[in-house]
Number of protein chains: 2
Amino acid sequence: MATLHDVAKAAGVSPMTVSNVLNKHPHVRAETRERVLKAIDDLGYRVNVAARNLRAGRTNTIGFAVPEVDRPYFAQLAARVIAKAQDAGYRVVIEQTGADRENELSAIVSSRTRMYDGLILSAVGLGTADRDLLTTDVPMVILGESVFDSPVDHIALPNEDGTYAATMHLIDRGCRRIAMVEGDDVSRLSVTSLRHAGYRRALAERGIEPDPALVVELHELSSESGRLAAHGLVDGGRGVDGVVCITDTVALGVIRGLADRGVSVPGDVKVVGFDDILEARYSVPSLTTIDPDHDEVARLAVDLLLARLADAPDWQPREHVTGFRVVARESTG
Amino acid sequence: MATLHDVAKAAGVSPMTVSNVLNKHPHVRAETRERVLKAIDDLGYRVNVAARNLRAGRTNTIGFAVPEVDRPYFAQLAARVIAKAQDAGYRVVIEQTGADRENELSAIVSSRTRMYDGLILSAVGLGTADRDLLTTDVPMVILGESVFDSPVDHIALPNEDGTYAATMHLIDRGCRRIAMVEGDDVSRLSVTSLRHAGYRRALAERGIEPDPALVVELHELSSESGRLAAHGLVDGGRGVDGVVCITDTVALGVIRGLADRGVSVPGDVKVVGFDDILEARYSVPSLTTIDPDHDEVARLAVDLLLARLADAPDWQPREHVTGFRVVARESTG
DNA sequence: CTGAAAGCGCTTACAG
DNA sequence: CTGAAAGCGCTTACAG
C-alpha cells in the first residue's frame, strides 16, 4: 500500500509538501498541489489514520457510551450526537456499556487510552462512589444521571419535575389510583429515585395517599418488562386508573400488556411515558409523554465537550438541567 | 502522561518486557510481571492505541456502516453485530451513511484508510455500477442488498421469497385488494424491486389482477411516510383490504394511519411488515411480519469477515441468502 | 526469560 | 513556497 513517501517521490516533492496538501494548508503553489493530487490519485494513496493520530496526539473522534444501542431513546440520541459532532469535524464512536458499571468505567478508560479526544457517557451504572474515577484527564460529559457533585460536566434530564408534570397531567384528567412503573435501582439520585420523587410529590400535592402496591420495580427497562408489569397491575385487582412509566419503551409495553387483558387505554386506564421517542407518536393509542428536548441534550453535550477540547484554561465543571414539555396524546385523552 | 518507557524505567526492565506483559505473552517470569503491573498501576499508565495500531498494522476494529442508526432494524442488528464481534475480540464502530451512495463509498474509503480491519456495509445507495469500487483490498461484507455479481462476500435477505410469503399470507386470509407500500428506488435488484417482485408473483399465482393504483412508493422508509401512505390509500377509496409493507417501521406507520381514519386492523384491513423488529411484538395490534433471522445475519456477517481477516488463501466471494419465517400476529388475525 | 535496535507512517517545529 | 530531521509510542524480528 502506498505511503505518503511514495506519493512524495512520485510527485517530486518532499513528504512535508504532501502532508500540507492533505491537510489543506494554504501555502502550497497551485501547480504543486495539482501534481501531488495526481500522484495521490495514481497511486490510490490513503492516509494512515493511526500514524496521523499518533503524531498529532489526537484522534478527532469522540466516544459516546450508552447502555444499549438498540433502545430507541439512545439510538435516537446517538443520531443527533453524530450529526452535531459531524458539523464540528468530529467522528463519533458508539460504545455499548450494557448499563454495567464495569463497562462504563472501561469506556472512560478507553478515552484515557486516547482512542477518543473526549467522551460522552450516558451513565446508569455509575454511582456516587465512583466520583473519584471521574477525575479524568480526558474531557468528558456525563449524561442523564446525577453523579452527585461530580467533577465533570453533567447534563441532567428534568427527571423529577418531568415526572411530577406527568403525574399531575394524569390527576388533572381524573385519575386517582395511579401506578408507577419504574426501575429497581432505588439508590439516591438514580433515575428511578428522582422520577419516583416527582411522582410522589404530585400525589402529595393533591392529597392522594400513595399506595406501595401500585409501585412496580422492573429489573430491565424493556417493553417486555412493561407488558408483564401491566398484567400484574390488572390481575392484582388494584383498581388502577393511571400509569406513570419511567420510559416510553416501558410505556409501550404497558399499553400492550393492558391490551392483552382487554383493558382500554385511555378509557379504563390512562398511560404516560417519558422521553418522547419517535415511536410514541405512532403507537395506537399514541403515547402522552415528557419531551426532555433531545436536541438540546445533544447540542449541549457536544458543545460542552468541544469547549473542553478547546482547552478553556479556567474551566469549571457545570451541571445543566434541560427543559421539558408535556406532549399530550391519545393515551391520556 | 506516562509512556511504556516510563513504566519500563520504573520497573527496571526493558520496554519490550512491558509490552509482553501488556499483551499477555507467556514467557515472562511471574515476579517480573508483578513488578511491571505495579509500575503500570503506580503511574496510571494506559497504552496508546494509535501507536499500537501503527506498529501492529491493524486496529482490531471492524466498521459497521448503516443508513441510519436510529432505525430499529439497524439499531437491533448493530447490537447483535457488536455482541458477535466482541466475542471474537473485535470492537465495532458504527458509521451512519444516510442511505447515500457517497457516504457508503466513504465508509469503504475509511476502511482503506485502515481505521478498520474490515467493514460490514449495509448497502442501500450502492448500485451495480459501483461494482468496481468494491474490489477493495480490505475485507468487506455487504449486507442486505444484492450488488449483482459483486466481488465481495454478500449476505442477502430473502427479499423476494419473504415478500411472496407475506402476500400469500394475506391472500390466504381472504384479502383480494392488496396494496404494496414500498420505496422509490425501482432500479434492478434494489430492495424495493425484489420485494415488489415477490408481491407480484404471489398475486399472479393466485390469479389476482395487479392494480398500479394500489402501489405506493415512499421516498423515505419512515413511520411518518407509512402513515401518510395509509391516509392516501383510504382516502382514495380503492377498497383496500390488505397492505404489504416493505419494512416494519413503515408498517407501524401504516397501522397508525389507518387508525387515524378509523379503519380497523385486522377487521377492515390486514397489514404485514418485514424485519420482525422488537416493536412489532408490542404494537396494538401486534404486527405480522417476516423474520429474516437477524441472528443468522449478524453471525454470518461477522464470521465471513473474520474468515477473510484470517487470510484464507483461496478465498472466493460468496453470496448467502438467509432463511425466513412468517410470524403471524394480530394485524392479520 | 529478557534486551537493544529498528521502524510503522505520519506531522511539527525549524530553516531557508 | 518548500525541505531535512526528529520523533509520536508502540511491537517485531533477532540475539543472547
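Within every chain, numbering begins at 1; the chains are lettered A, B, ... in the order of the sequence lines, protein sequences first and strands thereafter. Just so we're clear, the structure is a prediction, and the values are computed from it rather than from any experiment.
In this structure, A:Tyr90 and A:Val302 have side chains that are not in contact, with every pair of non-hydrogen atoms separated by 4.5 Å or more.
For A:Thr97, there are no side chain to side chain donor-acceptor pair (under 3.5 Å) partners at least two apart in sequence or on another chain. In this structure B:Arg299 satisfies the salt bridge (charged side-chain N to carboxylate O under 4.0 Å, His left out) test together with B:Asp303, sequence neighbours excluded. Here A:Arg35 pairs with A:Glu31 under the salt bridge (charged side-chain N to carboxylate O under 4.0 Å, His left out) rule; sequence neighbours left out. With sequence neighbours excluded, the residues satisfying salt bridge (charged side-chain N to carboxylate O under 4.0 Å, His left out) with A:Asp42 are A:Lys38. Residues passing the salt bridge (charged side-chain N to carboxylate O under 4.0 Å, His left out) test with B:Lys9: none are found, sequence neighbours excluded. For A:Arg80, the side chain to side chain donor-acceptor pair (under 3.5 Å) partners are A:Asp295, not counting sequence neighbours.
In the model, A:Asp293 has no side-chain atom that pairs as donor or acceptor with a side-chain atom of A:Thr322 under 3.5 Å.
Among residue pairs with one or both ends in residues 48-59 of chain A, none qualify as salt bridge (charged side-chain N to carboxylate O under 4.0 Å, His left out); sequence neighbours excluded.
A residue-by-residue look at A:Thr32 and B:Arg58 shows that A:Thr32 has its nearest nucleotide of DNA chain D further toward the 5' end. Mapping B:Ala56 and B:Arg29 onto DNA chain C via the closest heavy atom, the residue that lands nearer the 5' end is B:Arg29. The nearest heavy atom of DNA chain D to A:Leu54 and to B:Arg52 marks one nucleotide each, and the one closer to the 5' end goes with A:Leu54.
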May I have the step-by-step check of side-chain contact (heavy atoms from CB on, under 4.5 Å) for A:Leu143 and A:Val297, ending in yes or no? CA-CA 8 Å; A:Leu143 272 198; A:Val297 172; 3.8 Å; yes

Secondary structure string for DNA chain D (Watson-Crick or G-U under 3.5 angstrom, | for other-strand pairs): |||.||||||||.|||

Hey, can you pull the donor-acceptor pairs under 3.5 Å for the side chains in residues 62-73 of chain A, sequence neighbours left out?
| residue | atom | partner | partner atom | Å |
| --- | --- | --- | --- | --- |
| A:Glu68 | OE1 | A:Arg71 | NH1 | 2.9 |

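Once rounded to the nearest 0.5 Å, the distance linking CG of A:Leu304 with CZ of A:Arg308 reads 10.0 Å. Atom OG of B:Ser14 sits about 9.0 Å away from atom CG of B:Leu4, to the nearest 0.5 Å.
Of the residues in residues 10-24 of chain A, those lying under 4.0 Å from DNA chain C by heavy-atom distance are A:Met16, A:Ser19, A:Asn23. Listed by residue number, there are no residues of residues 41-49 of chain A with a heavy-atom contact under 4.0 Å to DNA chain D.
The footprint of chain B on DNA chain D, defined by a heavy-atom cutoff below 4.0 Å, extends from D:dG9 to D:dA13.
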